[in-house]
2 protein chains.
Amino acid sequence: MAFNDWDEVRTAFQVARLGTVSGAAQALGVHHATVIRHIDSLEQKLETKLFQRHARGYTPTEAGNDLLQVAQSTDDQLAQLANRIKGRGNEVTGELIITSIAVLAPLLSPALAAFREEHPDLRVKFLTDERVFRLEYGEAHVAVRAGSPPDQPDNVAQKFYNQGFALYASKDYVERHGMPESLEDVGNHVFIGSADDTPRAPFFAWLKANVPAANIGFQVNQVTAIAPAIHAGIGIGFSTTWAEAGRDDVVQVFAPRPEWNSQLWLVTHVDLHRTAKVQTCLSFLKEWAKRWPAQEA
Amino acid sequence: MAFNDWDEVRTAFQVARLGTVSGAAQALGVHHATVIRHIDSLEQKLETKLFQRHARGYTPTEAGNDLLQVAQSTDDQLAQLANRIKGRGNEVTGELIITSIAVLAPLLSPALAAFREEHPDLRVKFLTDERVFRLEYGEAHVAVRAGSPPDQPDNVAQKFYNQGFALYASKDYVERHGMPESLEDVGNHVFIGSADDTPRAPFFAWLKANVPAANIGFQVNQVTAIAPAIHAGIGIGFSTTWAEAGRDDVVQVFAPRPEWNSQLWLVTHVDLHRTAKVQTCLSFLKEWAKRWPAQEA
DNA sequence: TGCCATCTGTGCATTTCTCCACCAAACACC
DNA sequence: GGTGTTTGGTGGAGAAATGCACAGATGGCA
């Protein structure tokens, strides 16, 4: 049998990854003397130098780099395993990781706050990122996705909320340019559109198809960038009613239309979908969504 | 981060595999009390029961079986890694990085070509640069250095070859200026010297000490710049016999002298010096050097 | 039913490992 | 060139993990 101490491998992994004993010690939460002894012990057992020592740190040898590859994969797999296991229990306790795109944070946060109120033993981790978190890697228990229904094989998706969008502009903009008459005749008004050629969001696609390109004077690549642009008085842009409700410097220019709607989905991994924790969370969120403005087909 | 103790995972793996604490303890070579405490600690961290305890042993739960799968794969990968690392020290494969100053490339390249012929699995990387590659940073396995014996503490240096130098000039130069009578009376001849005040190369130091400064009409800061200067007919400069052998537009003005010799060294880092790969390379190069012109003390 | 074998579980002594403080060397920067 | 910061290395005190011995529980077997 080879490695009879997986902890030493983990230590060596951090040293190879970070390049210094001190850094690895900090990452592992142990003293750097411990790290040095682990490495020495490992190299003695393997009868091979894993690192070349110098004043600026530890540089992995070929063997050290090989170990880095393998241990990185191990670390990933164990992290995924931990998240799977933590989600699997019958109790609604421990950790629950829920992810969404960043724009939905204001919408979801009150719901999650109430959910945590009901389950004080639960530590809720709410992660937002532009990249899609991979449920099959155990990165999250529940994901809120927008757009077309996800087609990942091991993912369970259910309809969550049909988010409506309206067109807004700042009072300042309206004072300077007036209100547009209709969407068929937009005059010289400036619209905030997508920098993408084939935008995913339905309202962006509609805008591209129905408003002259000359009128789309400002383009963004992330939906979160729309609101600041509206508030700055750049032009007319899409937003949700709940996002602009509290602001008195913003006016609704055109009311919501069904074709602008964006479908939100609740997505879980099939292995976790049955568990009490995930089911509790899902049903709570769906119940909470009923309080939101009526959903138009 | 989830699993902060890979040893506990390894322990749980053996328990899941064998079904009993006692069996796992025997397999791991530890006391069964240790195994129990590892499992308890793991389950506490994961907030999930990994095993159902009964008098006949431990039966993995769903989570325990999940862990079994992942840890089995980890165990396999680590075992393979151990075999690779342990075997690597004894075989001549993978990458071998050898460095030298740029002037030596024509001398070393044939040797390296023959070396690679003998070891087809080896990817040889030959790096030349003006800066000195640092072996202690793992930048190279073998370095060919010139001059005084390197005194880096962790470097192993051995004599490689005593490179002789002679003085050459282009035929064109000789036709215009004639051949100098002796090195004691250089007349109006132009010599190519070093731009450095205290040149490292022995022949440059000799030139500075024995030839009037007025005759050193062209100065270079890199040895590689000498040959083009000679060929351009600027003056008389140092070069090696093997460098000028094939050229019919260059003549040897003065024969080699022992005091012009430059000692070449084979340098390795102490951590890599013992490995089969490095040793094979070193002995091959030393053997090859015997074919070169006889070395004068 | 009684005995034995095979498990798990726990308090206590001991060993091992880790942390701390300090040192030395090298690099960066003024 | 001197100084400050970052890095690895080492011996001794303390804490944490381990091993040991023994207890308890269950199932097989005659």
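Keep in mind that the numbers below use all heavy atoms, side chains included, and drop hydrogens, waters and symmetry copies. Predicted model only: the values in this text are computed from it and were never measured.
Rounding to whole angstrom units, CG of residue A:Leu18 and P of D:dT6 are separated by 16 Å. The interatomic distance linking A:His54 (NE2) with C:dC27 (P) rounds to 10 Å, in whole Å. The separation between A:Asp7 atom CG and D:dA16 atom C1' is 14 Å, rounded to whole Å. The CD atom of A:Gln14 sits 14 Å away from the P atom of D:dG8 (whole-angstrom rounding). Rounded to whole Å, atom P of D:dA17 lies 8 Å from atom CG of B:Asp5. The distance between atom CD of A:Gln26 and atom C1' of C:dC20, rounded to the nearest whole Å, is 17 Å.
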Below 3.5 Å is the cut-off: list the nitrogen or oxygen pairs between protein and nucleotides 10-18 of chain C, distance only.
residue	atom	partner	partner atom	Å
C:dT18	OP1	A:His38	NE2	3.2

Which atoms of nucleotides 23-26 of chain D (N or O only) lie under 3.5 Å from a protein N or O atom, and what are those distances?
none

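Distances shown here put every side-chain N or O of B:Thr20 at or beyond 4.0 Å from the OP1 or OP2 atom of C:dT6. One finds no side-chain N or O of B:Tyr58 lying less than 4.0 angstrom from the OP1 or OP2 phosphate oxygen of C:dT6.
The pair A:Asp40-A:Arg53 counts as a salt bridge, with a side-chain nitrogen and a carboxylate oxygen less than 4.0 angstrom apart. Using a 4.0 Å cut-off between charged nitrogen and carboxylate oxygen, A:Lys49 and A:Glu62 do not count as a salt-bridge pair. Between A:Glu43 and B:Lys86 there is no salt bridge, since no side-chain N of the basic residue sits under 4.0 Å from a carboxylate O of the acidic one. Between B:Glu47 and A:Arg123 a salt bridge is recorded (basic side-chain N to carboxylate O distance below 4.0 Å).
Looking only at atom types and distance, the side chain of A:His54 has a donor-acceptor partner in the side chain of A:Thr59 under 3.5 Å away. Side-chain contact of A:Glu8 with A:Ser41: a donor-acceptor pair under 3.5 Å is present, judged by distance alone.
For the ring pair (Phe, Tyr, Trp, His ring centres under 6.0 Å) test with B:Trp260, the passing option among B:Phe203, B:Phe204, B:Phe165, B:Phe238 is B:Phe238; the others fail.
Ring centroid separation for the pair B:Trp288 and B:Phe160 does not come in under the 6.0 Å cut-off.
Between A:Tyr58 and A:Phe51, the two ring planes are tilted [angle within 30° to 60°].
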